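In what follows, a single structure is set out as structure tokens and then discussed.
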Amino acid sequence: MRLKSLIAATTVVGLSAGMSVAATLDDVKAKGFIQCGVNTGLVGFAAPDADGKWDGFDVDYCRALAAAIFGDPDAVKFTPTTGKTRFTALASGEIDVLARNTTWTFSRDVDLKFTFVGINYYDGQGFMTHESLGINSATELDGATVCIQTGTTTELNLADYFRANGMSYEPVPIETNAEAREQFFAEACDVYTTDRSGLAATRATAEDPNALVVLPEIISKEPLGPLVRHGDDQWADIARWVLNALIIAEEKGITQANAKSMMGSTNDPEVARLLGTEGEYGAMIGLSADWALHAIEARGNYGEIFDRHIGPDTAIALQRGENALYTEGGLLYAPPFR
Amino acid sequence: MLSSRPAPNRHVGLVGWARENLFSTWLNSILTFLSVFVIGFVVIEVVPWIIQSSWTATSLNECRAAIIEAYGEGTHGACWAVIRERYLQLLYGFYPSDAYWRPNLALVLMLIAIAPILYPVLPRKMLLFSAVYPLLGIWLLWGGSLWTMISILLGFAIGYILMAASSRAFGTLTGLITATLGIIIYWIFAAVPLSELLQSIFPRLWLEPVESARFGGFMLSTTIGVTGIVSSLPLGILLALGRKSDLLIVKAICIGFIEFIRGVPLITLLFVASTLLNIFLPPGTNFDLILRVIIMVTLFSAAYLAEVVRGGLASLPRGQFEAADALGLDYWKSMRLVVLPQALKVSIPGIVSSFIALFKDTTLVSIIGLLDPLGLTNSIRADADWNGIIWELYVFVALIFFVFCFAMSRYSMYLERKLKTSHD
């Protein structure tokens, strides 16, 4: 997931640095759709259904972005990207925006020359173990065998955590999540470590999920968010404010169903500004006045998108946790719309 | 004289056969028991899993519930329902479902096109169709106007006429150069306007274009595999001949190419195709990813084939080359009529092995984000309903790959028997 192809990507970025970046919005409008890079398949975040239609938490962000620009949530084409191809795809202009559960880090932002437009999911690395082992805390894991995806930052985080706590572990290197699942279920390792959203998705597939426990410790910060290329601030603004609009919408109680009616009836000036009945905010960003209305009507506000794909009622059953609004004790805090 | 009597019971029938083949020595007896034990174990473990399965559920959990309901608590069975729901996706990727006839037709026509190449008993006129097929196949799969293909084809006709005319006047080399230049100039300047003109006059020969992003599953593997196989064989033969050539520059280029490509893993070439080329090409050029991959796969396979064919060439006695020269044949004729038929015959097993390897190597494209069958298994698992399904998908993919590769291997054995001229 956070697999870095730093060397490849930096070379590539170095080469492309000389390339002048035209206004992405104009290009996008000219071709009539946005090209959005997503995961080749990650439960809850991006997956094609039986008809080949993409769906998921990250996918819905792209649809909202498409709706904001074109008024049509289907004016988007998806490029499945792997951990190895995602950055070059964005740097080379093959895709306009990358929404692929990518961790926002210093080097990706600065060295790879991307602009993260916000955080749509706060993740963190955790541990899952078999209940039969009777382990309640990661501090009891001394000497454990750990299934770990190689070549990812998860591996480095794990080493750091065990060293900091003076513990030892035996790594069982694996390549993919599917392989990890098989190994872990066959008890080839005591512990499986990856992002907690991934742990939850894996746990949900067990025949008896209650035989598996996710330990309370979170050993890393993994703020995931969409990103665009450096050098086109207008495009970054659009991508950023579509995400913010979805979060503000949840804060203000604007949903997919009531957005249109709220547009006429609201007394809240911020809602009126957001939905385009007050002020010239659409023109400022280079879009129509009702861009945010379209974005919200596409797939709902942030909370609705969360609940539809990864929320408590889905198979993955993630709690909002840090991803709740700041008013509800979470970290989601969109700047004011004015 | 004694009349002949039937052989003792323990030497005939099942018992005799078993004694002869399974229990002839102590070691064989032990091995027999071990094998029976292993086979029995596998059958007992695997067969119930295959049979005690669910075909109708709509998610993994439903599958499990249905299996437990039907076969009792604690039963583990396969969830074939995922195959039932997704087999079309595994076969065609995201190709529009109302256009499935196009890849189907392309596949059938491809079999017709390769038939005269595979079975020399068929009429030679069919080779004309084989020559036209590549463009026809591309048109069927990607759609667009048939006139584009026809106007591309016209380029070859123009080249042929130029070649014939100018080589009569100025010699073969000049003819070749004129023809090549003529084709290139025609393609660059005249082909597109011509096809647009014809399209506007006869607009019926038009198929809805399908973009490469919608290719996936076995259709993608077959497209890459077959195109790679078909184009790498001639290229490989040329490289092998070039490597044995007396012309210094040709030889150096061929050796350099072969050694470079063989020294680099295929996955590296695929990364170059998917990422580096993007950067070097001017921004805005839309050089199709599948096309880039096909080119890389072809180059890769051609280098290996070249060495296989060179092995065949090396196995020929020097006398064959000299005999061909003595007959007064020029280089190309001696190669075509004397050397290559023998060299290729020797190389058949190696060539087919390369083809099978190439076909299976197409699964590597999942690493650069193309959704081949193996890439699709991951995408299907990403559907919350099917997350956790592993074996069923892999079994299905393996089965289909096996059918393809086994057919290729059988054909090569048929070919070897047919071409066999020795009497040992």
Side-chain angles (χ1 to χ4, degrees), chain A residues 5 8-9 11-16 19-22 27 35 37-56 77-89 91-94 176-179 181-182 185 201-202 204-207 309-310 314-316, chain B residues 58-61 64 68 74 76 82 84-89 92-97 211 213-214 216-217 267 270-272 274-287 289 366-371 375-391 393-394:
Chain A
S5 52
T11 325
V12 155
V13 170
L15 287 168
S16 63
M19 218 194 294
S20 70
V21 186
D27 293 349
Q35 193 81 43
V38 292
N39 201 308
T40 49
L42 181 68
V43 188
F45 286 85
D49 67 7
D51 302 322
K53 195 170 152 65
W54 287 84
D55 204 10
K77 291 188 178 175
F78 295 100
T79 302
T81 56
T82 67
K84 297 178 178 73
T85 61
R86 57 180 163 182
F87 293 128
T88 37
S92 68
E94 203 179 320
T176 63
N177 184 48
E179 191 190 337
R181 178 184 175 278
E182 288 295 285
F185 285 3
T202 304
T205 68
E207 286 194 47
H309 298 295
I310 51 183
T314 64
I316 313 168
Chain B
T58 56
S59 75
L60 178 59
N61 288 333
R64 284 177 178 152
I68 284 177
H76 295 271
V82 66
R84 202 180 74 109
E85 191 187 295
R86 297 291 184 121
Y87 76 97
L88 282 173
Q89 194 168 53
Y92 297 101
F94 305 133
Y95 211 80
S97 54
E211 54 192 23
R214 308 196 65 151
I267 193 71
L270 291 179
F271 275 127
V272 169
S274 84
T275 57
L276 272 184
L277 281 184
N278 276 358
I279 303 301
F280 291 125
L281 294 170
T285 31
N286 190 8
F287 190 16
L289 179 59
S366 62
I367 298 181
I368 55 168
L370 289 179
L371 294 177
L376 272 176
T377 60
N378 183 46
S379 301
I380 292 172
R381 263 197 302 276
D383 185 334
D385 287 340
W386 302 118
N387 186 19
I389 293 219
I390 294 176
W391 295 103
L393 292 167
Y394 283 145

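Just so it is clear, the model here is predicted, and its values are computed rather than measured. Lettering of chains follows the sequences in order, A, B, ..., and the numbering in each one begins at 1. As a basis for the values below, the full set of heavy atoms in this structure was taken, side chains included, without hydrogen atoms, waters or symmetry mates.
No part of A:Glu179 comes within reach of chain B, as not one of its non-hydrogen atoms sits under 4.5 angstrom from that chain. Heavy-atom distances place the side chain of B:Phe271, and not its backbone, under 4.5 Å from chain A. When heavy atoms are compared at a cutoff of 4.5 Å, A:Ala50 approaches chain B by way of both its backbone and its side chain. The parts of B:Ile367 that come within reach of chain A are both its backbone and its side chain, each placing non-hydrogen atoms under 4.5 angstrom from that chain. In this structure, no portion of A:Lys53 lies under 4.5 Å from any heavy atom of chain B. Residue contact with chain A, scored on non-hydrogen atoms closer than 4.5 Å, involves the side chain of B:Leu371 exclusively. Contact annotation for B:Thr377: neither backbone nor side-chain heavy atoms come within less than 4.5 Å of a heavy atom of chain A. Proximity to chain B involves both the backbone and the side chain of A:Ala201, based on heavy atoms less than 4.5 angstrom apart. Proximity to chain A involves both the backbone and the side chain of B:Glu85, based on heavy atoms less than 4.5 angstrom apart.
B:Ile368 places none of its side-chain heavy atoms less than 4.5 Å from the side chain of A:Lys84. The closest side-chain heavy-atom distance from A:Val43 to B:Arg381 is not below 4.5 Å.
Listed here is the closest heavy atom pair of B:Ser366 and A:Thr82: O-CG2, 3.6 Å. The minimum heavy-atom distance linking A:Arg181 with B:Ile390 is given by the pair NH1-CD1, 3.9 Å.
With hydrogens and angles ignored, the 3.5 Å screen pairs no side-chain donor or acceptor of B:Asp383 with any backbone N or O of A:Pro48. With hydrogens and angles disregarded, no donor-acceptor distance shorter than 3.5 Å links the side chain of A:Thr85 to the backbone of B:Gly369. For A:Glu207 (side chain) and B:Asn61 (main-chain N/O), no donor-acceptor pair under 3.5 Å exists by modelled atom type.
Options A:Ala178, A:Gly44, A:Gly93 differ in how many heavy-atom pairs under 4.5 Å they form with chain B, and the most are formed by A:Ala178. Among B:Asn387, B:Ile389, B:Leu376, B:Asn378, the residue making the largest number of heavy-atom pairs under 4.5 Å with chain A is B:Asn387. When each of A:Ile316, A:Thr81, A:Asp49 is scored by its heavy-atom pairs under 4.5 Å with chain B, the top score falls to A:Asp49.
Under the side chain to side chain donor-acceptor pair (under 3.5 Å) criterion, B:Ser97 pairs with no residue at all, not counting sequence neighbours. Not counting sequence neighbours, the partners of B:Ala213 by the side-chain contact (heavy atoms from CB on, under 4.5 Å) test are B:Glu211.
In this structure, B:Arg86 CZ and A:Asp51 CG are separated by 8.5 Å, a value rounded to the nearest 0.5 Å. Atom-to-atom distance recorded for B:Asp385:CG and A:Thr205:OG1 is 12.5 Å, nearest 0.5 angstrom. Distance CZ/B:Phe94 to CH2/A:Trp54: 5.5 Å, rounded to 0.5 Å.
Heavy atoms from other residues, nucleotides or ligands lying under 6.0 Å from CZ of A:Phe185 number more than 12.
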